[in-house]
Asks: 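First the structure, which I've put down as structure tokens, then a few questions once you've had a look.
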Amino acid sequence: MPARVEPLTPEQVLALPAMPPVKAAFAALNVSEGTGYKLIRDGDFPVEVIEFGRAKRVRKTELIAFLGLHQTAAAEVQSAAANTNDGAPGVQPEAPSEQSAPTSTSK
């Protein structure tokens with residue numbers, strides 16, 4: 001009997017690399033390895049499986065979309081972007097940025 005794989009939390013799925021191995025996708029989908037490989041063989045796996053020699057991987061973006069985590073991922077990206085200016089000297093959120101005045105290059 002194969003060892004039971006613990007399902008991944010949404011946070012763990014979002015932390016996966018861009019091209020995780022299918023075993024990580026099995027854990028994200030909460031299916032056993034046997035079921036996962038059968039779905040792949042039958043052409044019924046819910047996301048595209050990409051083969052690199054003997055290695056099988058999936059696209060994290062497709063896995064996130066299938067699991068309905070795309071809004072969670074977008075919120076995390078937006079939150080991270082908002083926090084990039086925290087504590088930066090002289091940077092105020094929502095402040096207009098300075099732009100150079102147009103210069104004339106005609107001679």
Side-chain angles (χ1 to χ4, degrees):
M1 182 174 182
R4 177 162 164 74
V5 176
E6 289 297 315
L8 297 180
T9 65
E11 294 77 20
Q12 290 171 318
V13 173
L14 294 173
L16 289 172
M19 297 284 292
V22 292
K23 288 182 181 182
F26 300 160
L29 298 169
N30 197 21
V31 298
S32 69
E33 283 186 35
T35 299
Y37 283 117
K38 181 180 183 328
L39 289 169
I40 291 170
R41 274 192 311 275
D42 294 346
D44 293 329
F45 200 68
V47 295
E48 181 183 7
V49 175
I50 301 156
E51 295 187 29
F52 297 101
R54 292 179 53 183
K56 291 176 174 43
R57 298 190 174 265
V58 297
R59 288 182 183 92
K60 175 180 163 182
T61 54
E62 290 182 19
L63 190 59
I64 287 171
F66 179 79
L67 292 170
L69 297 175
H70 53 280
Q71 290 180 343
T72 303
E76 283 191 6
V77 168
Q78 201 170 39
S79 173
N83 291 332
T84 57
N85 287 339
D86 286 354
V91 177
Q92 298 175 4
E94 306 297 326
S97 61
E98 289 185 30
Q99 295 181 353
S100 310
T103 58
S104 174
T105 57
S106 61
K107 292 184 179 184

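Residues take their numbers from the sequence shown, with the count starting at 1.
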Asks: How close do Val13 and Ala28 get, heavy atom to heavy atom, and via which atoms?
Replies: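 Closest approach of Val13 to Ala28: CG2-CB, 3.7 Å.
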
Asks: Picking from Leu8, Leu39, Ile40, what satisfies side-chain contact (heavy atoms from CB on, under 4.5 Å) with Phe26?
Replies: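 The side-chain contact (heavy atoms from CB on, under 4.5 Å) with Phe26 is passed solely by Ile40 among Leu8, Leu39, Ile40.
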
Asks: Of the non-hydrogen atoms in Gly36 and Phe45, which two are nearest, and what is the gap between them?
Replies: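 The pair with the smallest heavy-atom distance is O-CD1, 4.0 Å.
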
Asks: Show the nearest heavy-atom pair for residues Leu63 and Ala25, with the distance to one decimal.
Replies: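 So the two residues come closest at CD2-CA, 4.1 Å.
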
Asks: Could you measure the distance from the OG1 atom of Thr9 to the CG atom of Leu69? Nearest 0.5 Å is fine.
Replies: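 Output value for this atom pair is 9.5 Å.
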
Asks: Quick one: pull up CG in Leu29 and CZ in Phe66 and give me the separation to the nearest 0.5 Å.
Replies: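 Separation between the atoms: 6.0 Å.
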
Asks: How long is the gap from CD on Glu62 to CG on Leu67, to the nearest 0.5 Å?
Replies: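 One finds 11.5 Å between CD of Glu62 and CG of Leu67.
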
Asks: If you round to the nearest 0.5 Å, how far is CE of Met19 from NZ of Lys60?
Replies: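 The CE atom of Met19 is 12.5 Å from NZ of Lys60, to the nearest 0.5 Å.
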
Asks: State the OG1-CG distance between Thr61 and Leu16, to the nearest 0.5 angstrom.
Replies: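 Rounded to the nearest 0.5 Å, the OG1-CG separation comes to 12.0 Å.
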
Asks: Which heavy atom of Pro17 sits nearest a heavy atom of Pro20, and at what distance?
Replies: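 Smallest interatomic distance, heavy atoms only, reads O-CD, 3.2 Å.
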
